[in-house]
K.L.:
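Attaching a single structure in structure tokens format; questions to follow.
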Amino acid sequence: MGDRARRTPLSALRDLLAGPVLPAARGLLGCEISAGGVTVRITEVEAYAGTDGDPASHAYRGRTARNAVMFGPAGFLYVYFTYGMHWCANVVTGVEGEASAVLLRAGLVVGGADLARERRRSTVERDLARGPARLCQALGVDRTAYGADLLAPDSPVRLSPPVTPVPDSLVAAGPRVGVTGALDREWRFWIDGDPTVSAYRRHVPRKRAQ
DNA sequence: TGATGGATTACA
DNA sequence: GTAATCCATCAA
């Protein structure tokens with residue numbers, strides 16, 4: 001019975017996601033997400049707290065139909081539509097009711113590259129899943145993937161532990177992209193030097209300065 | 001009910 | 001630099 005203490009990587013991932021959002025975000029680096037016949041190795045993520053003092057979080061103002069899945073248990077997919085044309089995907093983390101989540105910002109297509117290229121305009125390998133909306137497009141993720149159980153074997157969107165763990169020495173952190181406030185929070189994590197990580201761009205207001 | 005701007009991307 | 005273009009949120 002001694003080896004029962006040894007956890008499988010999958011249950012370790014389940015525990016990680018059920019914990020605090022920052023370690024969960026860090027731990028998602030190197031994980032693989034599969035959907036629509038395409039597999040992506042995650043290279044860049046961003047953490048978002050729930051109702052607990054994070055104005056940038058979609059759950060900041062409480063539960064709505066759009067963010068409902070964020071308030072459920074960890075390991076489910078929160079998909080949202082933005083800028084009138086793009087889908088972005090998050091992994092729900094923490095305990096039920098906490099509503100924290102991790103945005104999947106970028107990754108490397110490691111399986112089903114042909115399918116990914118069909119869905120994306122660009123055929124440049126590096127750009128197939130470089131950016132949160134591109135990543136979703138490569139995976140074919142849209143509103144139909146909302147609420148998918150990422151750790152269930154029969155789910156349309158699945159998450160699996162890293163094939164090779166990402167060492168701490170390769171993990172970099174900085175402020176979140178496209179977020180106006182909370183620049184002091186370095187809640188974006190990426191694999192340092194990885195070419196599929198998106199370039200940091202300061203948030204630009206769309207209206208001209210007057 | 002109308003205004004506003006967004007966890008973005010592609011292109012000039 | 002700006003257009004594309006739906007939707008959640010907020011003021012009235």
Side-chain angles (χ1 to χ4, degrees), chain A residues 17 21-22 24-26 28-29 33 40 42-71 76-94 98-109 116-147 150 157 172-190 195-210:
Chain A
L17 296 181
V21 69
L22 294 183
R26 155 68 179 91
L28 280 167
L29 293 177
I33 185 167
V40 169
I42 299 166
T43 59
E44 181 187 1
V45 298
E46 275 174 6
Y48 287 86
T51 51
D52 184 26
D54 182 7
S57 170
H58 287 173
Y60 183 62
R61 293 163 205 287
R63 181 180 176 133
T64 64
R66 178 212 208 187
N67 65 23
V69 72
M70 294 179 77
F71 287 78
F76 287 76
L77 194 70
Y78 165 51
V79 177
Y80 69 91
F81 186 65
T82 192
Y83 289 103
M85 64 197 87
H86 299 302
W87 296 97
C88 295
N90 296 247
V91 178
V92 175
T93 66
E98 183 182 319
S100 52
V102 175
L103 171 69
L104 304 180
R105 279 202 60 89
L108 173 69
V109 173
R117 266 190 292 267
E118 281 177 28
R119 296 192 181 110
R120 297 264 307 112
R121 291 204 170 186
S122 170
T123 56
V124 179
E125 204 73 25
R126 172 200 201 209
D127 291 340
L128 288 178
R130 187 176 184 238
R134 291 164 163 184
L135 183 145
C136 280
Q137 195 177 21
L139 292 170
V141 162
D142 60 16
R143 74 166 74 253
T144 63
Y146 184 95
L150 296 170
V157 189
R176 296 174 290 188
V177 177
V179 172
T180 30
L183 293 178
D184 52 316
R185 299 188 186 189
E186 304 208 317
W187 283 10
R188 171 180 177 239
F189 301 95
W190 67 93
T196 64
V197 171
S198 64
Y200 179 76
R201 287 186 294 201
R202 196 184 91 259
H203 176 79
V204 266
R206 288 181 309 164
K207 255 182 146 174
R208 289 176 300 246
Q210 314 224 350

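Chain letters run A, B, ... following the sequence lines, proteins first and then strands; every chain starts at 1.
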K.L.:
With distance as the sole criterion, do the side chain of A:Tyr83 and the base of C:dA4 form a donor-acceptor contact below 3.5 Å?
P.N.:
no
K.L.:
Counting only heavy atoms and a strict 4.0 angstrom limit, can you tell me which residues of residues 130-140 of chain A come near DNA chain B?
P.N.:
A:Gly131, A:Pro132, A:Ala133, A:Arg134
K.L.:
Would you mind telling me which of C:dA8, B:dA7, B:dT9 lies closest to the side-chain atoms of A:His86?
P.N.:
B:dT9
K.L.:
If the condition is side chain to side chain contact (heavy atoms under 4.5 Å, CB included), which residues does A:His58 pass it with, not counting sequence neighbours?
P.N.:
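Testing A:His58 for side chain to side chain contact (heavy atoms under 4.5 Å, CB included), a comparison that skips the adjacent residues, returns A:Arg66, A:Met70, A:Tyr78, A:Tyr80.
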K.L.:
Can you name the salt bridge (Lys or Arg N to Asp or Glu O under 4.0 Å) partners of A:Glu118, sequence neighbours left out?
P.N.:
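Not a single residue meets the salt bridge (Lys or Arg N to Asp or Glu O under 4.0 Å) criterion with A:Glu118.
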K.L.:
Kindly state which residues belonging to residues 43-65 of chain A come within less than 4.0 angstrom of DNA chain C, counting heavy atoms of the residue only, listed by number.
P.N.:
A:Arg61, A:Thr64
K.L.:
Describe the nucleic acid contact of A:Arg176 in one word from base, sugar-phosphate, nothing, applying a heavy-atom distance below 4.0 Å.
P.N.:
nothing
K.L.:
Assign each of A:Met85 and A:Arg143 to its nearest nucleotide of DNA chain C by heavy atoms, then name whichever residue's nucleotide is nearer the 5' end.
P.N.:
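Result of the comparison: A:Met85.
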K.L.:
With pairs defined as Watson-Crick or G-U wobble and both distances under 3.5 angstrom, please note down DNA chain C as a dot-bracket string, | for pairing with another strand.
P.N.:
||||.||||||.
K.L.:
Figure out the CZ/P separation between A:Arg105 and B:dT9, and round it to whole Å.
P.N.:
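Computing the A:Arg105:CZ to B:dT9:P distance gives 7 Å.
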K.L.:
Could you pull out all residues at least two apart from A:Arg119 that satisfy side chain to side chain contact (heavy atoms under 4.5 Å, CB included)?
P.N.:
A:Val38, A:Leu115
K.L.:
Check side chain to side chain contact (heavy atoms under 4.5 Å, CB included) between A:Pro175 and all other residues, then give those that pass, not counting sequence neighbours.
P.N.:
A:Leu183, A:Glu186, A:Tyr200
K.L.:
What heavy-atom pair brings A:Val141 and A:Trp87 nearest, and what distance separates the two atoms?
P.N.:
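Taking every non-hydrogen atom into account, O-CB, 3.8 Å.
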K.L.:
Applying side chain to side chain donor-acceptor pair (under 3.5 Å), can you list everything that pairs with A:Arg61, at least two apart in sequence or on another chain?
P.N.:
none
K.L.:
Holding to side chain to side chain contact (heavy atoms under 4.5 Å, CB included), I want the full list of residues that pass it with A:Thr123, two or more places apart in sequence or in another chain.
P.N.:
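With sequence neighbours excluded, A:Thr123 shows a side chain to side chain contact (heavy atoms under 4.5 Å, CB included) to A:Arg117, given in chain and number order.
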K.L.:
Give every residue pair that meets the salt bridge (Lys or Arg N to Asp or Glu O under 4.0 Å) criterion with at least one member in residues 77-86 of chain A, sequence neighbours excluded.
P.N.:
none
K.L.:
Does anything in residues 81-93 of chain A pair up under salt bridge (Lys or Arg N to Asp or Glu O under 4.0 Å), and if so which pairs, sequence neighbours excluded?
P.N.:
none
K.L.:
For residues 99-106 of chain A, dump all side-chain donor-acceptor pairs below 3.5 Å to protein atoms at least two apart in sequence or in another chain.
P.N.:
from: A:Ser100; atom 1: OG; to: A:Thr93; atom 2: O; distance (Å): 3.2
from: A:Ser100; atom 1: OG; to: A:Thr93; atom 2: OG1; distance (Å): 2.8
from: A:Ser100; atom 1: OG; to: A:Glu98; atom 2: OE2; distance (Å): 3.0
from: A:Arg105; atom 1: NE; to: A:Glu44; atom 2: OE2; distance (Å): 3.0
from: A:Arg105; atom 1: NH2; to: A:Ser198; atom 2: OG; distance (Å): 3.3

